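See structure below.
All figures in this text were calculated on a predicted structure; none of them were measured in a lab. So you know, we letter chains A, B, ... as the sequences are listed, proteins then strands, and number each from 1.
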Amino acid sequence: MPRYDFKRIESRWQQYWEQHSTFQAESPASGKPKLYVLDMFPYPSGSGLHVGHPEGYTATDIVCRYSRMTGKNVLHPMGWDSFGLPAEEHAVKTGTHPRETTEQNIATFKRQLKMLGFSYDWSRELATTDPDYYRWTQWIFLQLFDTWYDPEHEWTGPDGVSRIGRGRPISELPIPAEVTAAGTEAVRRYQDRHRLAYISDAPVNWCPALGTVLANEEVIDGKSERGSHPVERVALKQWMLRITAYADRLASELDHLDWPDSIKLLQRNWIGRSTGAEVDFYIGNRNKGSQDDVSPESVLAGFDAWKAERAASGWPAEPGTDVLRVYTTRPDTLYGATYMVIAPEHPFVESLTSAEQKAAVTDYCRKAATKSDLDRTELAKDKTGVFTGSRAVNPVSGERIPIWIADYVLISYGTGAIMAVPAHDLRDFEFAVRFDIPVIQVVQPPEGWEPSKDEAAVAVEVDGQKLVPFAGRGTAMNSGEYNGLSTDDFKRQLTEQLNNSGLAQAAVNYKLRDWLFSRQRYWGEPFPIWHELDADGNPTGLMRTDDVASLPVLHPHMDDFKPAGTPEPMLAKAEQDWLFRTADDGTRLKRETNSMPQWAGSCWYFLRFCDNKNSTAFIDPELEKYWMPVDLYIGGAEHAVLHLLYARFWHKVLFDRGHVSMVEPFQKLVNQGMILGENGEKMSKSRGNVINPDDVVRDYGADSLRLYEMFMGPLEQVKPWSMSGVEGVYRFLGKVWRMMVDDRAEDVVLHAHVTEDEPADTQLRMLHKTIRAVTNDINKLSFNTAISRMMEFTNFMSHEDSRPKSVLEPFVLLLSPFAPHIAEELWSALGHSTTLSREPWPQYDEALLVEDTLEIPVQIKGKLKARIHVPNGLDAAGLQAAAEADEAVQKHLEGKTVVKVIAVPGRMVNFVIR
RNA sequence: GCCCCGGUGGCGGAAUAGGUAGACGCAAGGGACUUAAAAUCCCUUGUCCGAAAGGACGUGCGGGUUCAAGUCCCGCCCGGGGUACCA
């Protein structure tokens, strides 16, 4: 002792903070302004904390410690996103129950986080796997189940903005008379089809290796995000959440959030809103088999009759069986539609297929069905398809055009059918060339147009002529009476006219799909849902919910966690008394055996932190109003479209149902950049470049690790690790220590140069410059520059023979959010008996910052030639005179004509010469 | 392909509104202290020419605006991330 002994110091202060509950958030009654600062809570993996975790955590910790010193009531909680596959995979291998593995991993993470001295309010700790927590996850699921989306409901939000569309109780869903007439069962089924949580048997992403179905967001290039296993498309009954109902609000309500533009853009692209029109194409009686049997005259007569009928009755919500409905963003190219394509999964495939095409169509659809998404993308360049044998009538030209089946049309987007305009769509162009379908140009490109890269890429040569599609906007041609109109005008006019004749309607589409919400795993939240069984024990398709009072639905006891390799859920292997029960009315019920995905728990944990011990509600409304929204949320950019979209969706549903008071949960979002290994590559075990925080803390201490992670570079930036960089900040802390403490003494004794003297002007100026810089930098989350300013202060002050306490004390306070342990120790050495964590943050005095003399650059023709020293506040004329008096300047001006002089007071002088 | 974000010494990075490019740290070289080492302290360090004084060139490349450009505008090149038949 006492060199800078971080081991002793850090454990001492961590104990002190724990014993004194230093960082417990105060109640709303404190009257202080609140600040809610949140970290993305970790999945407690078996490998323990990664150096990437403390990056964001240190940043939020600095903001929190700083904010407490500025008098804020700070909520800074931590918890565990602890459901998930790895614990279950471990159970498959070892037989250890996932709960046991999870608890061990949490203990490791907690030890590591405590070792870093983060100022969390640990009394608010929670884990998504706690029954007390997932009880409320299940409860929120029941809210989703009990809600339908009313797209016409008009209302005004708490922000005063009026909106259309809102989630409402299912009991308020209007039931059509014919459904009511059909009885209560029909009504229940009707309601079930409108809930935000519903069962669907659409094709899903089944991953045999993981033994579960995955959401679209979890599939990357046809492989699972976790483990890169192949994913197949299979039809399965699955729980879906109707996130698409909220697509518009999820996109538009991003506007007022203080988020990085790149993340907003990412979410908007993911939602993928496009506007256009739905158009109906007449196909006549499609049950006749081959339409080539039907005379063109009779079809066109039918077309005329249909048009007349439509003109009278208007656009129907359901298209009926005699038309093919398509979605297009370019209704203005309707005259150029020379064929149509339906997806292989389209319901009309069978009835549109003629006898002679039947074999070819069946074969094609079978192949398409077994193709995974990966196969579809790999083959993207080669367009495939098959003719149905049927034709439709182009509603504007009256031409009969062939209907094809091709897998470049997706059943899940739009109506699953398109009108193909080969002259103005790259994909249609390729397809038409391949299958020799006519190409009619209906848009004249603007003057001087050159094909874009991808337009040129699909160009072909026909009879010595180069044929290129044009996908841009231009002027209408070959479009009857509309020739000459601009694309935008034509689009608007045609949509309106077709709408008046009942042939089309403006429409909006989204790339966003409904959220596949069920998994076949054990280690996820069970659903609070029962399926009714008939007398033979078969499901009737009707459902019941668990009573809210009976929640949580706990996991059944299980010993064997091996997946069967089929999409059968793990929970289906549970004991009979978990799986079945008889309702009071005598109906036999079987439990839902799917479980919720890992995203469920993270959709609302920030709400539970506000009131984590509440046993009667998921959150107390008063506490919700006080703490929400989250003022600062820091985490990795990998959650840009998953967690952050899901959580916003749940929050909006909870808002619509009156359970929370804000539309958006996260006001300000910041993404920390990834930390790479020392070799500049992503850290991974296989690359052998993983840095373990435990080792760094052992060798240099927690304060050094914290400081280094903040000093590396801007928070948002990707940056490589450097052990000698850690050593650098460690040396800085040693220097700070020796600046104040006598390191030859036995105990912690102040350095002989630490005095009670009045500070010198230069010392005061240095201090106040540092206070200003550090304060501004913290507010900008620019921690690397804040630290370099403290280094400058230390380099200066260490050379002073008198180091007044009145200068050192504020500096220790500035340092404390970054390196809290050493700061507490120095604060105590300076004679204070309690923690500095609630000391008022130092204020700077503008008057003390003013320099007496300034060094001003003098340029000749924009090139720096000299530097002059002038009194601060000297005006332009004085500045010029001072510059002209300078010897070096005179030398440069000798014999030259000065054309112009620019003198900016306090900045620079520039002589323009000839 | 398309959409974002970035490109500054040997390295990580600084540079409020266009106004001294390279703060701070690392690495490297030299020196002091020491029997020695560690630790610590001091000096040098963008490139090129020059013994020095000094000069020229420098923020991915090419143009432009301006008294003045790392910063603003136009056209490219390179790297990273997102997305991928979304009609």
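Under the rule for a side-chain hydrogen bond (donor to acceptor under 3.5 Å, both in side chains), A:K865 has no partner lying at least two apart in sequence or in another chain. Residues satisfying the side-chain hydrogen bond (donor to acceptor under 3.5 Å, both in side chains) test with A:N689, not counting sequence neighbours, are A:N679. For A:H346, the ring-ring contact (aromatic ring centres under 6.0 Å, His included) partners two or more places apart in sequence, or in a different chain, are A:F348.
Against RNA chain B, the stretch residues 868-882 of chain A makes no heavy-atom approach under 4.0 Å.
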Quick tally for nucleotides 24-31 of chain B: nucleotides whose base has a protein heavy atom under 4.0 Å get B, sugar-phosphate-only ones S, the rest -, giving BSSS----
Close N/O contacts between protein and nucleotides 75-78 of chain B (under 3.5 Å):
none

List every contact pair, protein side and nucleotides 57-60 of chain B side both N or O, where the distance is under 3.5 Å.
none

Under 3.5 Å, which protein N or O atoms sit close to an N or O of nucleotides 3-9 of chain B? Give each pair with its distance.
none

Please list, for nucleotides 64-68 of chain B, all pairs of protein and nucleotide N/O atoms separated by less than 3.5 Å.
| residue | atom | partner | partner atom | Å |
| --- | --- | --- | --- | --- |
| B:C67 | O2' | A:N910 | ND2 | 3.1 |
| B:C67 | O2 | A:N910 | ND2 | 2.8 |

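Taking the six-membered ring for Trp, A:Y339 and A:F431 have ring centres closer than 6.0 Å.
Considering only the side chain of A:R907, B:G19 comes nearest among B:G13, B:G82, B:G19.
When rounded to the nearest whole Å, the span between CE of A:M712 and P of B:C11 equals 16 Å. In this structure, CD1 of A:I263 is placed 14 Å from C1' of B:U83, rounded to the nearest angstrom. When rounded to the nearest whole Å, the span between CG of A:N679 and C1' of B:G12 equals 15 Å. Between A:D428 atom CG and B:C85 atom P the separation is 14 Å, expressed in whole Å. Taking atom NZ on A:K383 and atom C1' on B:A87, their separation rounds to 11 Å, with Å as the unit. When rounded to the nearest whole Å, the span between CE of A:M790 and P of B:A23 equals 19 Å. A straight line from NZ of A:K769 to P of B:U16 spans 16 Å, rounded to a whole angstrom. When rounded to the nearest whole Å, the span between CD of A:E716 and P of B:G81 equals 18 Å.
The number of heavy-atom neighbours closer than 6.0 Å to CZ of A:R765, taken from other residues, nucleotides and ligands shown, is above 12.
At the heavy-atom level, A:V718 lies under 4.0 Å from the strands shown only through sugar-phosphate atoms. Contact annotation for A:H892: backbone-only contact, meaning every heavy-atom pair under 4.0 Å involves sugar-phosphate atoms and none involves a base. Counting non-hydrogen atoms under 4.0 angstrom, A:H424 reaches nothing in the nucleic acid. Contacts of A:K682 with the nucleic acid, taken as non-hydrogen atoms under 4.0 Å apart, are absent. Among the atoms of the strands shown, only primed sugar atoms or phosphate atoms (P, OP1, OP2) are found under 4.0 Å from some heavy atom of A:S274.
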For residues 896-904 of chain A, which side-chain N or O atoms pair as donor and acceptor with protein atoms under 3.5 Å away, sequence neighbours left out?
none

Considering only distance and modelled atom types, tabulate donor-acceptor pairs under 3.5 Å from the side chains of residues 703-714 of chain A, sequence neighbours left out.
| residue | atom | partner | partner atom | Å |
| --- | --- | --- | --- | --- |
| A:D703 | OD1 | A:H821 | N | 3.4 |
| A:D703 | OD1 | A:H821 | ND1 | 2.8 |
| A:D703 | OD2 | A:H821 | N | 3.4 |
| A:D703 | OD2 | A:I822 | N | 2.8 |
| A:S704 | OG | A:Y700 | O | 3.0 |
| A:R706 | NE | A:F818 | O | 3.0 |
| A:R706 | NH1 | A:D61 | OD2 | 3.0 |
| A:R706 | NH1 | A:L116 | O | 3.1 |
| A:R706 | NH1 | A:G117 | O | 3.2 |
| A:R706 | NH2 | A:D61 | OD2 | 2.8 |
| A:R706 | NH2 | A:P817 | O | 2.9 |
| A:Y708 | OH | A:S722 | N | 3.0 |
| A:E709 | OE1 | A:E55 | N | 3.0 |

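Applying the salt bridge (charged side-chain N to carboxylate O under 4.0 Å, His left out) rule to pairs touching residues 773-800 of chain A yields A:D777-A:K780, A:R789-A:E792, sequence neighbours excluded.
When the options A:W515, A:W270, A:Y246 are evaluated for a ring-ring contact (aromatic ring centres under 6.0 Å, His included) with A:Y646, the one that passes is A:W515.
Ring orientation note: the planes of A:W737 and A:Y4 are tilted relative to one another, at an angle of 30° to 60°.
The side-chain tip of A:K383 points at the ring of A:Y408 from less than 6.0 angstrom away and within 45° of straight on.
The glycosidic torsion of B:G75 lies more than 90° away from 0, which places this base in the anti conformation.
How far CG of A:L879 is from CG of A:D875: 8.0 Å, rounded to the nearest 0.5 Å.
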